[in-house]
Protein chains: 2
Amino acid sequence: MMKNLPHKTIERLSQYRRALLICLEKGQTHIYSHEIAKIQHITAVQVRRDLMLIGYTGTLRKGYNVKDLIDLIGNIIDSTEGINVAILGMGNLGRALINYFAGKRSQLKIVAGFDINPDKIGNTMSGVPCYSSEDMNRIIKEKNIKVGIMTVPADFANATADQLVKAGIRGILNYTPKPVNVPDNVYLEEYDMITSLEKVAFFVKINDE
Amino acid sequence: MMKNLPHKTIERLSQYRRALLICLEKGQTHIYSHEIAKIQHITAVQVRRDLMLIGYTGTLRKGYNVKDLIDLIGNIIDSTEGINVAILGMGNLGRALINYFAGKRSQLKIVAGFDINPDKIGNTMSGVPCYSSEDMNRIIKEKNIKVGIMTVPADFANATADQLVKAGIRGILNYTPKPVNVPDNVYLEEYDMITSLEKVAFFVKINDE
DNA sequence: ATAACAATGTTAATAAATTAACATAAAAAT
DNA sequence: ATTTTTATGTTAATTTATTAACATTGTTAT
């Protein structure tokens with residue numbers, strides 16, 4: 001069930017939820033599709049279509065119940081028991097991610113960081129303990145870590161991915177600028193900041209022409 | 001010319017180039033479409049189609065000339081004079097980006113960082129000077145900065161975007177988890193790390209079911 | 001009451017992106 | 001020399017994603 005949601009819909013649901021949580025905090029009980037759309041820079045049709053796909057039905061002329069929709073999106077995208085996450089590489093980017101998540105109520109818990117720098121190993125950062133990369137296999141199994149976020153230097157990308165796979169990781173989010181190879185049973189998402197910047201620069205350039 | 005390249009093709013060209021630069025360093029002179037494809041986890045057809053779109057033609061049975069292709073991609077996506085870039089928010093993420101780019105030969109130069117923390121203002125980080133956010137308008141104009149990368153805390157996202165727009169920025173890459181509004185003449189690219197992680201977690205979850 | 005309005009939900013159409021199919025030709029093998 | 005192989009380049013088909021069209025219905029206004 002819900003296995004066939006388009007990738008883009010999954011991404012948007014995550015974003016809708018975040019926007020909705022802010023609305024909830026403000027005490028807003030209902031929201032229209034076009035309000036969600038405006039926040040996300042998309043069309044109201046897109047929003048309604050996504051919500052149709054997850055079978056949520058709002059109230060005519062009142063819009064969607066903020067709380068209900070948050071809960072439904074949670075039922076769809078969160079896993080019931082929660083998922084433990086590790087950060088590979090406690091450099092600037094790794095710490096940035098930890099801070100993003102620190103204190104967030106979330107099914108996703110960053111429970112471990114790994115690094116090779118002895119100064120970092122043994123410390124905790126924003127509540128996340130830093131372990132030696134040598135202990136990766138053991139800690140990942142002990143802590144039942146399912147997802148790894150790779151923020152190591154590019155030269156370590158492949159070796160780190162291999163280690164993660166060996167340790168039985170189920171999903172990898174790779175922020176290094178180097179694509180890595182994993183077996184089919186490991187879900188891999190790669191994001192390249194340099195590419196994003198080059199893309200922005202490209203469109204700035206052609207807008208000038 | 002080349003204005004109508006698909007967005008996805010632009011992104012891949014950037015990635016091809018990065019892979020090609022590594023090949024060049026290793027002394028490799030030619031490369032096949034399926035080799036590029038393997039690195040990027042896509043199909044060889046995709047690669048050939050992208051190269052067709054930019055009008056590059058390889059040598060039958062020898063593949064593509066690495067150096068020529070790097071140069072052509074540069075001609076397409078780089079702007080001749082180069083583009084100056086600013087980092088808004090010199091926290092962990094901002095510094096991570098600076099380090100990514102430090103020492104890279106690139107048409108894209110990070111020439112300024114901005115922050116509100118007095119301890120940071122006046123210092124340089126990896127060669128990038130940090131200015132007060134109050135001086136944003138002036139510095140952006142003085143240094144002819146065209147692109148801004150937003151790495152400020154979410155609460156500052158909108159205000160920062162507004163400042164950038166007022167200063168005449170042409171493109172924004174927004175790494176805050178909060179979507180911002182900009183006029184049509186400013187190219188906006190948003191990337192949300194939390195969404196990416198939730199997406200990975202989702203696919204890990206459904207692979208288990 | 002009735003008409004006009006404003007929102008949802010859904011199907012149909014369009015556009016964007018990917019993949020398949022295949023024609024071509026240089027190189028290698030026979 | 002001829003055949004086979006192996007790669008490119010391009011058109012066609014398919015799939016995925018977005019947008020348009022419109023039917024429906026509660027609410028408000030007259």
Side-chain angles (χ1 to χ4, degrees), chain A residues 2-16 20 23 28-66 68-69 72-73 76 179 188-190 195 199 202-203 206, chain B residues 2-16 20 23 28-66 68-69 72-73 76 179 188-190 195 199 202-203 206:
Chain A
M2 289 302 164
K3 287 209 181 193
N4 300 333
L5 291 173
H7 281 220
K8 288 288 179 71
T9 294
I10 299 297
E11 293 175 9
R12 283 190 297 261
L13 287 173
S14 161
Q15 285 157 8
Y16 298 163
L20 290 167
C23 295
Q28 188 178 350
T29 61
H30 287 77
I31 191 165
Y32 298 126
S33 59
H34 66 260
E35 293 178 297
I36 299 176
K38 183 145 191 220
I39 297 170
Q40 305 296 146
H41 310 128
I42 55 176
T43 66
V45 180
Q46 183 74 271
V47 174
R48 293 205 298 276
R49 215 175 183 302
D50 286 333
L51 299 190
M52 187 193 91
L53 291 175
I54 62 171
Y56 182 69
T57 164
T59 315
L60 195 52
R61 235 180 138 97
K62 279 187 76 181
Y64 304 98
N65 182 293
V66 174
D68 289 353
L69 186 47
L72 178 59
I73 292 175
I76 306 278
L188 174 66
E189 173 98 7
E190 309 206 297
T195 286
K199 185 182 173 191
F202 172 77
F203 285 106
I206 66 169
Chain B
M2 289 301 164
K3 288 207 179 194
N4 300 333
L5 291 173
H7 281 220
K8 288 288 178 74
T9 294
I10 299 296
E11 293 175 10
R12 283 190 298 260
L13 288 174
S14 160
Q15 286 158 7
Y16 298 162
L20 290 167
C23 296
Q28 188 176 351
T29 62
H30 287 78
I31 192 166
Y32 298 125
S33 59
H34 66 259
E35 293 177 298
I36 300 177
K38 181 142 192 221
I39 297 170
Q40 304 297 145
H41 311 128
I42 56 177
T43 66
V45 180
Q46 184 75 271
V47 174
R48 293 205 300 275
R49 219 181 179 298
D50 286 333
L51 299 190
M52 187 194 89
L53 291 175
I54 63 171
Y56 182 69
T57 164
T59 314
L60 194 53
R61 232 178 140 101
K62 278 188 75 180
Y64 304 99
N65 181 293
V66 173
D68 289 353
L69 186 47
L72 178 59
I73 293 175
I76 306 277
L188 173 66
E189 173 97 7
E190 309 205 299
T195 286
K199 186 182 172 192
F202 173 78
F203 285 106
I206 66 170

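To find a chain, count down the sequence lines: A is the first, B the second, and so on, and within it residues start at 1.
- Atom NE2 in A:His41 sits about 18 Å away from atom C1' in D:dT18, given to the nearest Å.
- Residue B:Thr9 is classed as having no contact, given no heavy-atom separation below 4.0 Å to the nucleic acid.
- Nucleotide C:dA6 holds its P atom 7 Å from the CZ atom of A:Arg61, rounded to whole Å.
- Atom NE2 of B:His34 is separated from atom CD1 of B:Ile42 by 13.5 Å, given to the nearest 0.5 angstrom.
- Considering only side-chain N and O atoms, B:Tyr32 lies nowhere under 4.0 angstrom from the phosphate OP1 or OP2 of D:dG9.
- Between A:His34 and B:Lys8, the residue anchored closer to the 5' end of DNA chain C is A:His34, taking for each the nucleotide with the nearest heavy atom.
- When rounded to the nearest whole Å, the span between NZ of B:Lys62 and P of C:dT24 equals 24 Å.
- The interatomic distance linking A:Asp50 (CG) with C:dG9 (P) rounds to 13 Å, in whole Å.
- Positionally, the nearest nucleotide of DNA chain D for A:Pro6 lies more toward the 5' end than for the other of A:Pro6 and A:Val45.
- Distance A:Met52 CE to C:dG9 P: 10 Å, rounded to the nearest Å.
- For the pair A:Gln46 CD and C:dA16 P, the interatomic distance rounds to 14 Å; values are reported in whole Å.
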Run the side-chain contact (heavy atoms from CB on, under 4.5 Å) test on B:Phe203 and A:Leu188 for me, step by step, so that the C-alpha distance in whole Å, both residues' side-chain angles and the decisive distance to 0.1 Å come before the verdict.
CA-CA 9 Å; B:Phe203 285 106; A:Leu188 174 66; over 6 Å; no
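- Atom CD in B:Gln15 sits 4.0 Å away from atom OG1 in A:Thr195 (nearest 0.5 Å).
- As a whole-Å value, the separation of A:Glu35 CD from C:dA6 P is 15 Å.
- With hydrogens and angles ignored, a donor-acceptor pair closer than 3.5 Å exists between the side chain of B:Arg49 and the base of C:dT19.
- When all heavy atoms of B:Lys62 and B:His30 are compared, the pair lying nearest together is O-CB, 3.4 Å.
- Listed pair A:Arg48 / C:dT8 meets the phosphate criterion, a side-chain N or O lying under 4.0 Å from OP1 or OP2.
- Taking atom CG of A:Leu53 as the reference point, atom C1' of D:dA17 lies 11 Å away to the nearest angstrom.
- Residue order along DNA chain D, read from the 5' end via each residue's closest nucleotide, puts B:Gly63 first among A:His7 and B:Gly63.
- The side chain of A:Leu60 lies closest to D:dG26 when the candidates are C:dA17, D:dG26, D:dT8.
- A side chain to side chain contact (heavy atoms under 4.5 Å, CB included) with A:Tyr16 holds for exactly one of A:Leu69, A:Val47, A:Ile39; it is A:Val47.
- The phosphate of D:dT18 has OP1 or OP2 within less than 4.0 Å of a side-chain N or O from A:Arg12.
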